[in-house]
Structures are given as structure tokens and as C-alpha cells.
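Read the structure below first, then the notes.
Every heavy atom of this structure was used, including side-chain atoms; hydrogens, water molecules and symmetry mates were not. Proteins get letters first, then strands, A, B, ... in listed order; numbering begins at 1 in each.
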Amino acid sequence: MREALLALFLSSAEPLSRERLASIFDDNPDCAGWEAELDALLAVGEGPLQLACVAGGYRLQIHPRHNVLLARLHVEAPRPLSKATLETLAVIAYQQPVTRPEIEHWRGVTVSTQIMQQLQDRGWIVVAGHRETPGRPALWVTTSQFLEHFSLASLADLPTVMGAVEG
Amino acid sequence: MREALLALFLSSAEPLSRERLASIFDDNPDCAGWEAELDALLAVGEGPLQLACVAGGYRLQIHPRHNVLLARLHVEAPRPLSKATLETLAVIAYQQPVTRPEIEHWRGVTVSTQIMQQLQDRGWIVVAGHRETPGRPALWVTTSQFLEHFSLASLADLPTVMGAVEG
Amino acid sequence: MSNAISEVSPSAALIQVHGQPLETLPDGLFIPPDALELLLDSFSGPLELLLWLIRRNRMDIRDIPVAEVTRQYLHYLHEARRRNLELAAEYLLMAAWLAEIKARMLLPVPPVTDDEDFDPRLELARRLEALAIVQWQAAVLHTLPQAGRDFWTIYPAPHPDLPLAPPLVTLADIVNVWQALLLRPTRKPPSAHTLTHPHVGLRQRMAELLWHCHREPRPWSFVEILPPAADRLALAVSLLALLELLRQQALALVEDAEGRWRVAVIDAEDCRVGF
């Protein structure tokens, strides 16, 4: 019975609801114990798998204890940042705290939400507050993870750059 | 070790080769026994799963003893391939790399764009290059998804012993 | 697996009429009513019809009795025409080719060549053999186990979010990019949004809105204060006018008991919404 349940879950692209499972099992008297087996599976999982309750029913997923291993299979090779992302990061690093319109002013083009999201996902930038001007724009700063990644003790260690600074 | 192997196979959308597994396991001394475990898995499977050798690697599939049950879950079976589609696929599989005019020559009729599109949509054929003849016709080959769908370890496993052709 | 394949004998049995194999088509070329259309439909072209005829007559591809095959082939074509079935032009082309081969077979073999390539049937035999091979190979593919038909693979199990690989970026990259930005000659001035179409009557619409809301000191729903039967431009101007009045704090947005936004003249400080 457990094998049958596992076979269904493992071959299914979507989560399976109790109703769906019932429609598969219920006219077969040999499968009477399926609900007890489902509950057991839900409680203890099976090997590297755990049964999770998600929208639309249950699905098997890999237990997080295998994350380190899975990362070796799935994580793609590091890629360079796009020029747009790099510029945005540079403006925030050197001009912080800085608003998005100010970043756009420095770069001369609009900054996509996607870029800001990407840098936030990395944990490199964060909103530190809001400027008290109309619209109260968010003020962006770099994080301690940013400093760690680039082996900087503090922002003061950012190399000084010469240029015509007139803002 | 078995759990770790299963976790990798269970989370992978494509077959994993021994080389791929080696690159994941080999710099970890705790994982020294993975090859023995792989062979054991290959021999006896695990619960409802069996390990199959396809497309140059290994993948998990549900043991056929559960087919009746699975047919109840996967009610919308894939549409059977038409005769014309099957013949076109056969020419590409056996004659690759092959151009469309060559396919038409083998089959004795023109090959519709629709059929070529259908085979591409399934991910079974791709253009691998162009023949350096006038018009530079595209050269069609089958993909690893083709091997996966037909459960073939490699193209060399396509049966070649001709039966009674003159039937 | 070899068992499965030996069962495959791509033959006339592939052609069925009302579920019955058409191998039993009587000799003498009697064609049952309605069968011809189904029969011809099942062939993808004239070559396949020809191959089927040869197999049905148990003839040798490498030694085709061209006269007999041509007679039978033409019979099917005539039948098809008699029943007003549409046939592709290739069927007529094949008929012409057969007739040509038949004619050349009647000619004496020129003494200068004893080449077996001279046999006018050779090209036809080659093409029929190619088709036979393709049919056999297609039958082989059909018997191979197919995913979702004969077996099911696992669908990859999801796993928790994995850590992202850090991108390839060095401190020097950031410094260089910043340097380049500093040296960039011209920068766009901070953008400001201005209305470029005064003639659409923003001021007037603002006045109308204010007047409308002042008529009765109650919160108004958006629908109530929009101009009746307004087009897109009028709606856009109304919205701009409303936003401008909100910005100037001439009007305020308030939330009613059901949590819907309403517009009201500012008088009660307690229900004002920070904007």
C-alpha cells in the first residue's frame, strides 16, 4: 500500500488531494488502508522524501537535510553580473544612502525593479529608511553581507575613485 | 549513502551519468561507497522504483507492476503518434544526421512542416547543423529526450536486425 | 525485446477497414463499396500504394512484374476517378513512371552495356526498398517501450530553495564601473513629470471636482465624481485632477466602514489619510 502511494506521488507532476487519491483507490477493496498509510507517510516520510501539504493536496519533496548534496547537483556555475546590475551596485556602494531616482540620475537610464530585486536576493542591498521628500522614496544601502563578500572591513575601505564629482 | 543517491535521482529532471555522480561525490570521503550502492540500486531498485539506464545515464522510473494503478492517475494518455510522424521520426533516428529532402526521399512523400514541428515540440529532434551543399539544408538529429522517451541507453541500442521486409 | 520485434511485420495488415485487416481483399481486384476511399486514405503516397500491391501479390521487389503491377495500380486509379475521389498529382506521376518503365522493358538491351544498372526497374526497386526499411523502422519504434504509455518515469521531486551561487564579481569590477560612471560626460537631469496638454482642461476638471465634492460634505465614491459617459482621455484627466487635488490637500482619501476608498473634502482631521 505504501508502495502504491509512493508510485502515485512520484509519477505525478501536481500535488494529489485526498479526493483524487480516493477516486483512484476507493473502488479497490485491496487498497482500503490507503488513508492510514498516507497519514503515516505524512508523519515520518520515506527515505530522503517527506510528504508536504501544499495548495491542492500533498506532494513528496526532498528532505532539507540533503540540501548540501542537492546544491552540488543543481546550483549552476557562477556567472558575472550584468553591466546594468554592476552599475547599480556601484552607485549604491559609493553614494549610499541613495534613492532609486538618484541611481537613475547617475546611470542615465531607468533602473529595473528586477535589478533591485536581484541585488536584494543576494542580500547585498537593503532599504534603510525613506527620504522625507514628496513620495518618501526608499533609501538604499549596502549590507554587511556585501562587505563580507568583498572582504571589506567597512565602507571606508572602498577604494577611493577620482572623478569629476558634481552630482 | 543510498538515501543520498536516491535524493539526487529523485530531484533530477534528466538522467545522471556516472561521471556526473562522480563529480558530486568524489571529493567527499564519506561518499566512497556510492558506486557499490548505485550498482545495488540498479540491480534491485527501491520500493516502487527501479533504476533504468537511458540516454547515457540513469534515471528512476516506476516499476511496471504499478502500471494499472498509474493508468488510473494519468488518465489523459499521450496521443499515439500518427503513421507519418512515426515514419519521419524513424528516418531521423536511423539515418541521422539527415536533411528534410532526404527524409522525403526515404519516405517517398513530402514531409509536412507540421510533423517536423510536432517532433520538435516534443523535444525529440533538433537541427544539429547544415549540410554544405547548395541551399545549406538543415541536418536533423534526435535528442537525448528522444532516447529518454523510448527508454534507449544510446542510439546504438536502436534495433537493427531487419525482419521480413518483403513481408 | 527481440520477441516484440519479430512480431512486427509491416505488411498490408497495417491497413484496416472497419477494424478488419484488409489482407482479405479478394483477388480479381474487387473493391468493396466505401473501402477504396479508406484504403487510399491510409496511404501517404503512391509509393506506399505500390508497395502494398507488391506485397499483397507476394511479388519480389527486386524483380517486379511491371506489367501486372501497372495494370493493378491503374485499376485503383480508375476506380478512384470513377468514384470522384481526389487523388494527389503524385499518383498520376507514378502512373507515368510505371508506363515508362514498362515501355523500356520492351526495348532490347543495348549490346554495349551488360551493366545490371541498366534494368529500368532498378530506381523503382530502390525507392520501394527504402520505404520498406522506413516502415520496418517505424514499426520498431512503435514497439519500443514509451514513457507515459508503457512505463512512467518519476517527476522530479521539488526541494527547498538552495543557496544561490555567488556571481563572478570582484571589488575591482565595482570600482571600475564607478570610475566610468563618474567620467561619463553628461547625465540626465532628474526627471520631472509635466503635463504637455493643457488644453485637456486639467484646471477646469479640478475646479469641477472640488465644486462637486463641496456640494455635500460626505465621502464620495470614485464612480460618483467621474464625468458621465467619459472617454479614456476624460477619465485620465479626471484621475490626474483628483491626484493633484489630493497632493494639494484640497481633498483627502478616506476609508469607509467597508474598507473602500472615498474622496472627501477635508474637514474632519481624524479620518484623514497621510498622503
Side-chain angles (χ1 to χ4, degrees), chain A residues 1-35 37-38 40-41 44-52 56-77, chain B residues 1-34 37-38 40-41 44-52 57-78 148:
Chain A
M1 206 49 243
R2 164 159 288 213
E3 271 209 13
L5 259 184
L6 287 171
L8 288 176
F9 278 119
L10 286 169
S11 72
S12 172
E14 321 77 69
L16 299 177
S17 64
R18 273 181 195 265
E19 294 71 42
R20 187 84 191 276
L21 290 170
S23 75
I24 293 169
F25 284 130
D26 272 1
D27 41 7
N28 186 344
D30 295 346
C31 300
W34 72 267
E35 286 209 270
E37 204 56 70
L38 180 71
L41 200 57
V44 297
E46 166 81 32
L49 295 165
Q50 54 181 186
L51 193 62
Y58 304 92
R59 71 163 184 218
L60 287 171
Q61 54 192 38
I62 314 278
H63 194 284
R65 67 174 172 268
H66 296 287
N67 271 8
V68 175
L69 187 69
L70 292 189
R72 301 204 52 154
L73 176 65
H74 293 290
V75 170
E76 45 200 273
Chain B
M1 206 46 241
R2 166 160 287 215
E3 260 211 45
L5 253 187
L6 281 171
L8 288 177
F9 281 121
L10 284 168
S11 76
S12 175
E14 65 242 22
L16 298 175
S17 64
R18 274 184 193 263
E19 294 71 43
R20 187 83 191 277
L21 291 169
S23 76
I24 292 169
F25 284 130
D26 272 1
D27 41 7
N28 185 345
D30 295 345
C31 301
W34 71 268
E37 204 57 68
L38 178 70
L41 200 57
V44 297
E46 165 82 31
L49 297 166
Q50 57 181 185
L51 197 61
Y58 303 94
R59 72 143 179 243
L60 288 173
Q61 52 196 49
I62 317 284
H63 194 283
R65 68 174 170 266
H66 298 287
N67 274 5
V68 175
L69 186 71
L70 292 184
R72 300 195 54 140
L73 175 66
H74 301 274
V75 278
E76 59 281 349
E148 286 170 40

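Taking 4.5 Å as the heavy-atom cut-off, the residues of residues 5-15 of chain B that approach chain A are B/Leu6, B/Ala7, B/Leu8, B/Leu10, B/Ser11, B/Ser12, ordered by number. Residues of residues 58-65 of chain A lying under 4.5 angstrom from chain B, judged on non-hydrogen atoms, are A/Ile62, A/Arg65 by number.
Every salt bridge (charged side-chain N to carboxylate O under 4.0 Å, His left out) that A/Arg18 has, sequence neighbours left out, goes to A/Glu35, A/Asp39. The salt bridge (charged side-chain N to carboxylate O under 4.0 Å, His left out) search around B/Glu46 returns B/Arg2, not counting sequence neighbours.
Only the side chain of A/Leu49 comes within contact range of chain B, with at least one heavy atom under 4.5 Å from a heavy atom of that chain.
Not a single donor-acceptor pair under 3.5 Å links the side chain of A/Arg72 to the backbone N or O of B/Phe25.
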